[in-house]
Each structure stands twice: as C-alpha cells, then as structure tokens.
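Please read the structure below before turning to the comments.
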Amino acid sequence: MPIGDALRDLERYESYLKIKPLEWDPESKKFKWLDTRLIPFEEVYRETRDYRRVARAIKDMEIRGAPAIGVSAAFGMALAAHYSKARNIDALLSELKKAKEILASTRPTAFNLFWALDRVWRRVEEAAEKGDPDEVRVSVEEEALRIYVEDIRNNVEMGRIGSRLVEDGATILTHCNTGALATAGFGTALGVVRYAFYEGKEVKVITTETRPLLQGARLNVWELRKEGIPVTLITDGMVGIVLKRGLADLVLVGADRIILTGHTANKIGTYMVALAAKDNRKPFYVVAPTSTIQRTWDPGSIVIEERDPDEVRRVMGKYLITIPDVDVYNPSFDVTPPALITGIITERGVARPPYEKTLPALLGSS
Ligand code: MRU
C-alpha cells in the first residue's frame with residue numbers, strides 16, 4: 001500500500017481519533033508521541049528522527065501498551081531506514097538488523113512488538129531483492145504506516161464487535177489502560193467502552209488504579225473524563241468486593257500476549273481480577289487484536305518482564321513509601337488461564353472456549 005493510500009485510509013478513521021498518542025509526519029519524516037508518564041498532569045508531545053530515542057521511549061514507558069509499542073517500533077524502523085547513511089544494500093541491511101535488535105530489546109512481554117518488527121523485516125527483505133536502498137527506505141515507511149492505520153481500524157472493529165456484548169446501562173470493570181493511549185488510537189477494551197458510548201449506551205467504568213505505575217488512575221481517568229464517560233476509581237485490592245456486591249456487570253481487559261491455548265498475559269493483577277470474576281459469575285472478556293496472538297502452545301514460553309524495584313518502593317518515581325532497601329518483587333505481567341476467560345474479542349470476531357480450537361480457526365492460515 002503506497003504512503004498516499006495509507007494516509008487516505010487514515011482519514012476514514014479521523015473521527016474516531018479524539019486522542020492521537022502517536023503520529024508520523026511523512027513530510028519531515030519525524031515520529032511524535034504523547035509522553036504517557038506525565039498524564040494526567042501534563043500533555044507533552046515528544047518527537048525524534050532517531051530510532052534509538054524511540055527505543056528509549058518504549059523502555060522508559062513514555063509509550064506503553066502492547067499495540068502502541070508495536071506501532072512505535074515499526075516507525076522506529078522507518079526512522080532507522082530513512083536516516084541511515086548507507087549507500088549500498090548490505091550496509092543498510094546490517095544497520096536495520098541492529099535497529100531491529102535494539103527495538104526488540106525494549107519490552108519482552110508485548111507480543112505486538114515482535115509481530116510488528118517481523119512484519120517490517122519481511123518488507124525489508126522483499127524490497128532488498130531489488131538492490132536499491134531507496135526502495136527499502138520507502139517500503140519500511142509504507143509498512144509502518146500500514147501497521148499504524150490497521151491498528152486504528154482493528155480497534156474500531158473490536159469496538160463494534162465487543163459493544164454487542166455490552167448492555168445499555170452496564171458498568172464495566174477494567175484493569176490497566178487499554179485506551180487510545182495504549183494503541184495507535186481508540187483502544188481495545190476501552191475501545192469497546194468508547195464504541196458502546198458512541199452508540200448511545202449509558203455505560204459506566206470502574207477502573208483499578210493499577211499499581212505500581214497507575215495506568216488506571218492516571219490514564220483511564222484522563223481518557224474517560226475527556227470523553228465524558230463516567231468513571232469510578234478503586235484500588236486494585238477492591239476488585240473482590242466490587243464484584244461480590246454486584247457493582248460491575250462485566251470485566252473487559254486487554255492483553256500483551258495471547259497464545260493458542262487462550263493463556264493471556266496482561267498487566268500484573270489481571271489474573272486476580274479474573275479469579276474474582278469467576279467466583280462471582282461475572283463475564284471476563286479479553287479484548288485484543290490478532291497481532292497480540294502468538295502462534296505457540298506453551299504457556300511456559302511467555303516471558304514475564306520484571307521491572308525496576310523502585311517502581312514498587314516509590315509512587316510516581318518520587319515518593320518513597322517504604323524502607324529504601326526493602327526486597328521487592330516486581331513482575332509487570334501475569335498470565336490468566338483460559339478457564340477464567342469468557343471470550344476473546346478480536347477484530348475478526350469473538351473466540352470462545354475451547355480456545356485451542358477457536359483461536360487457530362480465527363487466525364486461519366494468515
Ligand atoms: O506495562 P504496560 O502499561 O505497557 O502494560 C499494558 C497492559 O498491560 C495493557 O493491558 C495491554 O498492553 C493491552 S493495551 C491495549
């Protein structure tokens with residue numbers, strides 16, 4: 001798809017993009033993003049022409065959320081290709097290989113990162129056969145733009161499909177941020193909420209704060225308030241009582257990695273939310289594009305990122321809340337087993353148990 005076509009496609013979704021967390025400027029070949037670490041207190045856009053800066057933004061979580069990470073890494077490759085001084089194909093390929101490695105080393109659990117880099121890499125190899133470095137540069141930019149536009153289109157489609165499962169008047173419990181700020185725009189689980197709201201349904205959200213980095217308290221509250229969708233904030237430990245008292249009708253969460261068995265890695269605490277939903281007979285849906293699904297059967301192969309202990313010792317990187325040298329365990333994700341998941345909402349439809357049959361069928365041979 002040439003760049004012009006991708007940009008025209010983007011125009012079709014413009015009305016869904018109330019928040020633009022990621023932007024590519026095809027004229028000046030610059031990548032721009034909203035620094036999510038500062039939200040809700042400041043709305044600061046950063047920009048770069050350097051793919052290493054994109055890698056740092058992902059690692060430091062200026063950009064976060066599996067789909068947003070994948071899209072940004074693809075634009076990182078576009079920057080690496082465009083600003084490379086290589087004059088021949090071999091030199092360009094070796095620079096791009098290095099860029100791919102650096103971008104891939106940023107966040108280990110988000111499958112969309114590896115999916116996007118592999119997809120760009122296939123285009124690099126195809127274009128390289130023609131032997132012209134400029135052909136590779138254009139192809140990488142086109143592919144990155146395509147991944148970006150597809151992510152928005154898939155989000156809107158998941159919103160449309162998922163909204164059918166949300167009744168008028170429903171209260172939705174969610175964990176971590178899965179909205180515009182976690183994607184190219186619109187969102188996955190929060191995209192479903194958004195779509196239902198745009199359809200005129202009276203929906204309400206209960207969000208966990210999502211310790212330790214407070215994606216719920218900071219990002220969900222900011223996004224939902226901006227749209228006028230009612231939101232109530234709870235601490236992570238309040239999920240059980242909220243569900244027991246029937247204060248939420250269903251749970252919608254996102255995913256960083258789903259495998260063919262249905263095992264789903266998502267923000268730490270998701271597993272506990274799923275257990276509480278099961279115990280209280282509330283539907284627990286995962287909302288994720290098929291780019292989050294890894295074609296593997298082994299839950300043991302899911303890498304769980306462990307982050308800096310100071311994220312737990314301090315709030316917002318500043319306020320110390322414990323004794324400074326206390327031992328800390330800080331896994332950033334956990335894995336929810338398929339038995340706790342009511343359905344997985346994708347842009348291609350809703351997969352239901354048994355996932356080992358329905359997920360491969362949904363993916364087909366693509
Ligand atoms: O550590 P984060 O903030 O990148 O974790 C994000 C999540 O766990 C999201 O739920 C997931 O990436 C899905 S985002 C649409």
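Counting starts at 1 for both ligands and their atoms, in listed order.
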> For H175, is the nearest heavy atom under 4.0 Å from an atom of ligand 1?
Replying inline: no
Of all the atoms in ligand 1, which lie at a distance below 4.0 Å from a heavy atom belonging to [X]?
X    : answer
T178 : 10 (O), 15 (C)
A182 : 14 (S), 15 (C)
P67  : 14 (S), 15 (C)
K267 : 1 (O), 2 (P), 5 (O), 8 (O)

>> Students should be able to answer this: which protein heavy-atom is nearest to atom 6 (C) of ligand 1, and at what distance?
In response: R64 NH2, 3.5 Å
> So which protein heavy atom does atom 13 (C) of ligand 1 come closest to, and at what separation?
Replying inline: A255 O, 3.4 Å
> Quick one: does NZ or CZ of K278 land under 6.0 Å from the six-membered ring centre of F284, within 45 degrees of the ring axis?
Replying inline: no
>> A cation-pi test, strictly: NZ or CZ of K18 under 6.0 Å from the centre of the six-membered ring of Y13 and no more than 45 degrees from its axis. Yes or no?
In response: no
> Is it the side chain, the backbone, both or neither of A66 that has a heavy atom closer than 4.0 Å to ligand 1?
Replying inline: both
> Which bit of R107 is near ligand 1, meaning a heavy atom under 4.0 Å away: side chain, backbone, both or neither?
Replying inline: side chain
N or O contact, [X] vs ligand 1, cut-off under 3.5 Å:
X    : answer
D256 : yes
N266 : yes
Q215 : yes
T188 : no
G65  : yes
M61  : no

> Can you tell me if T232 and K204 form a side-chain donor-acceptor pair at under 3.5 Å?
Replying inline: no
> Under 3.5 Å, is there a donor-acceptor pair linking the side chains of T290 and E347?
Replying inline: yes
> Which word best sums up how the rings of Y195 and Y16 line up, parallel for under 30°, tilted for 30 to 60°, or perpendicular for over 60°?
Replying inline: parallel
>> Which residue in the set T188, N112, N266, D256 passes side chain to side chain donor-acceptor pair (under 3.5 Å) when paired with T292?
In response: N112
> Between R53 and T48, is there a donor-acceptor pair closer than 3.5 Å when you use the side chain of the first and the backbone of the second?
Replying inline: no
> Is there a donor-acceptor contact under 3.5 Å from the side chain of R123 to the main chain of V140?
Replying inline: no
>> Membership question, hydrophobic clusters at under 4.5 Å side-chain separation (ILVMFWY): are V221 and L38 in the same one?
In response: no
> Rounded to the nearest 0.5 Å, how far does CG of N154 lie from OG1 of T346?
Replying inline: 8.5 Å
